[in-house]
Amino acid sequence: MSYHFNEIEAKWQKYWAENQTFKAENNSDKPKYYVLDMFPYPSGAGLHVGHPLGYIASDIYARYKRHKGFNVLHPQGYDSFGLPAEQYAIQTGQHPADTTRVNIEGGVDKAGNEIEGYRKQLDRIGFSFDWSREVRTSNPEYYKWTQWIFIQLFESWYCKNHQCAFPISELEKLFSEEGNSGVNPACDDDVESFTAKEWNSFSSEKKQDVLLKYRLTYLAETEVNWCPALGTVLANDEIVNGLSERGSHPVIRKKMTQWSMRISAYAERLLQGLETIDCTDSLKESQRNWIGKSVGASVTFKVKDSAEVIEVFTTRPDTIYGVSFMTLAPEHDLVSKITTDDQKGDVEAYIQATAKRSERDRMADVKTISGAFTGAYAEHPFSKEPIPIWIGDYVLAGYGTGAVMSVPCGDQRDYDFAKHFNIEIPNIFEGVDISEEAFAAKDNVKIANSDFLNGMNYKKATKRAIYELEQLDQGEGKTNYRLRDAVFSRQRYWGEPFPVYYVKGKPQMIEQQHLPIVLPEIEKYLPTEEGEPPLGRADVWAWSTESNSVVSNDKVNNTTVFPLELNTMPGWAGSSWYFFRYMEEVANRDGAFATQNALNYWENVDLYIGGSEHATGHLLYSRFWVKFMKDRGFINVDEPFKKLINQGMILGTSAFVYKEEGTNKFLSKGLIEGKQVQPIHSDVSFVNASDELDIEAFKNWREEFKEAEFILEDGVYKVGREVEKMSKSKYNVVNPDAICKQYGADSLRLYEMFLGPLEQAKPWNTAGITGVHGFLKKLWKLYVNDNGLNVTDAEPTKDNLKTLHKTIKKVVEDIENFSFNTSVSTFMIAVNELTAQKCTSKEILEPLLAVISPYAPHIAEELWNRLGNETSIATADFPEFEEKHLVESSKNYPISFNGKMRFTLELPLDMSKEEIEKAVMAHEKTIAQLEGRTPKKVIVVPGKIVNIVG
RNA sequence: GCUGAAGUGGUGGAAUUGGUAGACACGUUGGACUUAAAAUCCAAUGUCCCUUGGGACGUACGGGUUCAAGUCCCGUCUUCAGUACCA
């Protein structure tokens with residue numbers, strides 16, 4: 001009886017589904033373990049072999065933990081809001097909800113495309129997901145709680161003293177009792193001071209305006225990349241050379257009122273929290289970069305002949321005597337106020353010119369130095385000397401205060417700017433040559449020409465400068481973060497609607513019992529002619545405070561019926577908290593995002609696996625929301641993920657045929673030398689393991705190749721190979737369904753792991769799968785022969801036990817180190833050895849199945865069943881490793897001469913050092929090697945090696 | 001530029017605290033079985049020299065430490081990823 005993987009796999013997948021084998025329990029005596037994958041965005045293109053890599057790894061770990069006696073939560077769902085569905089909707093007029101459902105569940109979309117669906121594709125690979133807990137972010141039952149969290153953020157403020165978020169009502173109480181002088185909140189820069197008395201006299205509208213500046217989510221004017229032709233805001237990466245990536249339309253920088261998230265309040269905690277996460281240094285480093293902490297000072301410069309002051313942030317207050325000019329960002333508010341009449345022309349022309357350039361362009365074009373003099377002067381805080389004030393686009397409006405004190409001798413950008421505009425470059429470093437470039441190092445230098453700072457080093461001078469600035473009330477020590485508040489509005493249709501309506505232009509939250517606010521129906525998924533977001537097209541999109549429901553727009557009277565927010569939330573809203581939703585069983589999901597019971601039991605994710613493209617954004621945002629929810633007492637954990645692994649990308653191995661230029665001849669790879677050829681991608685499915693092209697298949701592929709002539713070498717056409725990103729346009733996409741059909745899911749799972757270390761990028765080459773497939777056949781033959789089951793009660797031999805326990809030991813180590821590729825080799829070795837030993841002993845073969853089961857669950861389940869087990873192997877005990885079976889009495893010593901291994905010698909392990917040396921020195925091969933020489937030294941490491949020197 | 005990761009046969013990749021480099025596969029070559037093919041099985045396979053025994057060289061490159069280095073240290077180069085005028 002041979003190995004019929006298709007039958008076996010279908011059988012057990014059905015069994016697992018029917019018996020809910022992988023359903024997690026919220027009440028269990030077992031210890032809990034939560035294994036999570038980053039949930040997929042269900043695109044119409046379906047899965048390719050790169051997608052399941054991380055899922056297979058996490059599945060192996062989840063299954064292993066079940067064998068080890070854990071109650072495992074291993075859920076899956078869909079990040080189903082997003083841009084591609086909306087773009088597709090615009091093109092085809094289909095509702096994104098429909099295309100999204102088809103992409104998940106399969107079927108035929110309105111355009112007539114037959115779509116397999118993510119779910120079926122995933123099921124075919126045999127994952128141990130608990131599908132009963134599935135979530136979809138676009139489902140109103142789910143986004144109800146995304147909206148709820150948004151409301152909680154709106155209803156909260158952040159106290160810097162306590163480093164914690166509190167209800168906004170507490171802040172109102174503080175304001176009414178003592179004004180805002182005593183509070184230390186994270187808030188907008190432009191808040192005014194007021195007393196309790198003043199606060200209490202404010203109108204309701206005024207109070208709302210003031211509070212908005214303190215809320216953790218707030219409306220604010222933000223500078224965005226606006227594309228008038230597309231009618232939407234674009235992210236930086238959607239703009240190429242100042243034009244939109246889609247359609248090449250002009251993009252301008254525009255201020256727009258947008259919802260923002262005050263993530264900056266959490267900057268320090270997000271940084272500190274990294275210490276508690278188990279992940280790679282590179283991931284931590286990219287989080288740190290993003291947060292961008294820098295320690296320095298804020299310094300205030302007075303503007304001469306003006307009441308204005310310029311505040312700057314600097315990391316080098318010790319170089320304050322090196323300031324020879326100030327630079328403001330062209331967008332800085334002060335520019336228009338301080339520019340002299342003489343300079344107005346220059347300054348305005350410059351501002352116009354820079355406004356046309358996107359932020360990205362400015363960043364990309366670092367070499368061009370540009371700027372303009374405002375005609376105004378600032379006053380040096382200590383020397384009181386006048387300092388010319390310039391504007392320049394190398395200063396970014398969005399970072400720090402949008403202004404810098406320029407120290408050309410100590411900063412290369414300031415230096416280049418000064419050289420370009422012939423501004424003086426005073427040297428404040430003792431014995432340093434600055435004729436060629438700035439001196440930016442902090443160490444091993446003393447400050448000079450700096451009055452009271454002379455002779456001090458960086459550390460001392462910094463401290464002193466801050467102290468002196470404080471005395472003048474013109475500065476203080478300050479820590480700055482690069483992390484900016486996150487814009488939370490999108491001018492899109494396919495996202496969560498805000499639970500917000502506007503009364504006299506002031507945002508009001510809809511009470512939580514009326515949630516969800518369901519996305520309205522619209523005719524076209526495009527912005528309105530007036531440039532409003534797509535929701536501006538909805539006819540029924542107003543809020544009635546009487547019926548507490550969404551009503552027709554024509555009822556808007558601004559007394560009881562008000563307009564609703566037209567923006568939707570960004571993609572990261574739904575993915576910032578989904579891991580908590582899985583914790584709750586569907587039956588109990590109505591009353592809360594998850595019950596306290598479920599949250600207390602599962603706590604947070606023990607293992608999180610996903611792509612590195614989410615290493616910054618998603619991770620930062622979800623960590624932010626979790627910290628906020630912890631502050632407000634909704635959950636009990638400070639970090640969402642305990643351990644995080646980024647799987648590497650699987651690359652495609654493209655195949656090329658070579659068309660000789662000007663002919664219709666295709667030359668085999670070996671014949672192209674010296675010829676003018678044009679490489680053309682061939683579909684990888686036409687190429688076999690030996691890189692030989694199926695010429696007929698290629699000819700039939702496309703009309704233009706029908707008449708092609710093929711010049712062969714050794715009777716075959718050889719293609720060229722190149723590793724590239726897996727993509728449809730390169731014809732190197734491999735579909736896991738096809739692999740499952742031809743070799744089986746177990747082969748796919750093993751092969752994906754066998755390719756190499758999980759975290760590394762590695763090329764896919766279908767040819768190699770015959771190796772692991774052959775292994776599964778050998779495994780099968782170890783249990784089943786032509787007459788049926790071939791497993792006996794025979795007493796295992798010493799060798800049998802040694803093979804089994806060696807395998808258990810290695811596989812446990814591998815799984816716990818996430819080194820899945822080496823486990824597969826270990827299985828191969830085990831099966832090769834047991835086959836050679838002609839092992840039929842059930843005592844060996846039964847536990848072996850439990851070891852292999854996490855990797856190849858279908859075949860393991862089938863053989864387990866054939867051995868007479870009536871329950872699933874999924875929760876069978878993982879066999880215990882016993883050291884005694886590996887104890888050896890002798891060792892095959894490598895005998896080296898001057899570090900080079902010459903031969904091996906089998907010696908008992910209980911031999912002493914001296915005895916080993918004696919035995920080795922007496923050996924004929926040793927004598928031959930030495931050729932009469934006397935060794936200077938003999939190194940004997942018992943149990944390891946012998947090295948003879950001399 | 002900065003940060004991080006990595007450079008090992010024709011290919012993917014193994015190699016505990018420094019201790020037999022190339023496990024396990026793919027591919028290739030030869031053989032068995034077969035009318036033939038597929039499948040399966042057996043053998044060889046880092047490079048070079050050599051008649052066998054064997055020898056020389058080999059983990060990106062150049063140094064160093066050590067009885068012993070893919071592994072540790074210093075320097076250089078290359079590739080990939082992330083990030084970028086952050087004051």
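Letters go in sequence order (proteins before strands), and every chain restarts at 1.
Among the protein residues, A:Lys778 comes within range of the sugar-phosphate backbone only, with heavy atoms under 4.0 Å from sugar or phosphate atoms but none that close to a base. Nucleic acid contact for A:Thr770: sugar-phosphate only, since backbone atoms but no base atoms lie under 4.0 Å from a heavy atom of the residue. At the heavy-atom level, A:Asn480 lies nowhere under 4.0 Å from the strands shown. Using a 4.0 Å heavy-atom criterion, one finds that A:Glu813 contacts no nucleic acid atom at all. A:Thr904 comes within 4.0 angstrom of a nucleotide base, judged by non-hydrogen atoms across all strands. As judged by a 4.0 angstrom heavy-atom cut-off over every strand, A:Phe754 is placed among the base-contacting residues. Within the 4.0 angstrom heavy-atom criterion, only backbone atoms of the sugar-phosphate kind lie near A:Val949; the bases stay farther away. Using a 4.0 Å heavy-atom criterion, one finds that A:Ser825 contacts the bases of the nucleic acid, with or without backbone contacts as well. Among the protein residues, A:Asn947 comes within range of the nucleic acid bases, having at least one heavy atom under 4.0 Å from a base atom.
A:Asn821 places its CG atom 14 Å from the P atom of B:rG12, with the value rounded to the nearest Å.
In this structure, the ring of A:Phe820 has its center no less than 6.0 angstrom from the ring center of A:Phe754.
Going from the C1' atom of B:rG9 to that of B:rA21 covers 11 Å, rounded to whole Å.
Between the side chain of A:Lys762 and the base of B:rU11, no donor-acceptor pair of N or O atoms lies under 3.5 Å.
Under the 4.0 Å criterion applied to side-chain N and carboxylate O atoms, A:Glu285 and A:Arg288 are assigned as salt-bridge partners. We find that A:Lys806 and A:Glu833 are joined by a salt bridge, their nearest charged nitrogen and carboxylate oxygen being less than 4.0 Å apart.
Remark: B:rC24 base-pairs with B:rG12. Criterion, Watson-Crick or G-U wobble with two distances under 3.5 Å. Pair assignment for B:rG4 gives B:rC80, based on Watson-Crick or G-U wobble hydrogen-bonding distances that are each under 3.5 Å.
Within a 6.0 Å radius of CG in A:Asp189, no more than 12 heavy atoms belonging to other residues, nucleotides or ligands are found.
Side-chain proximity of A:Lys944 to B:rC85, B:rU17, B:rU3: nearest is B:rU17.
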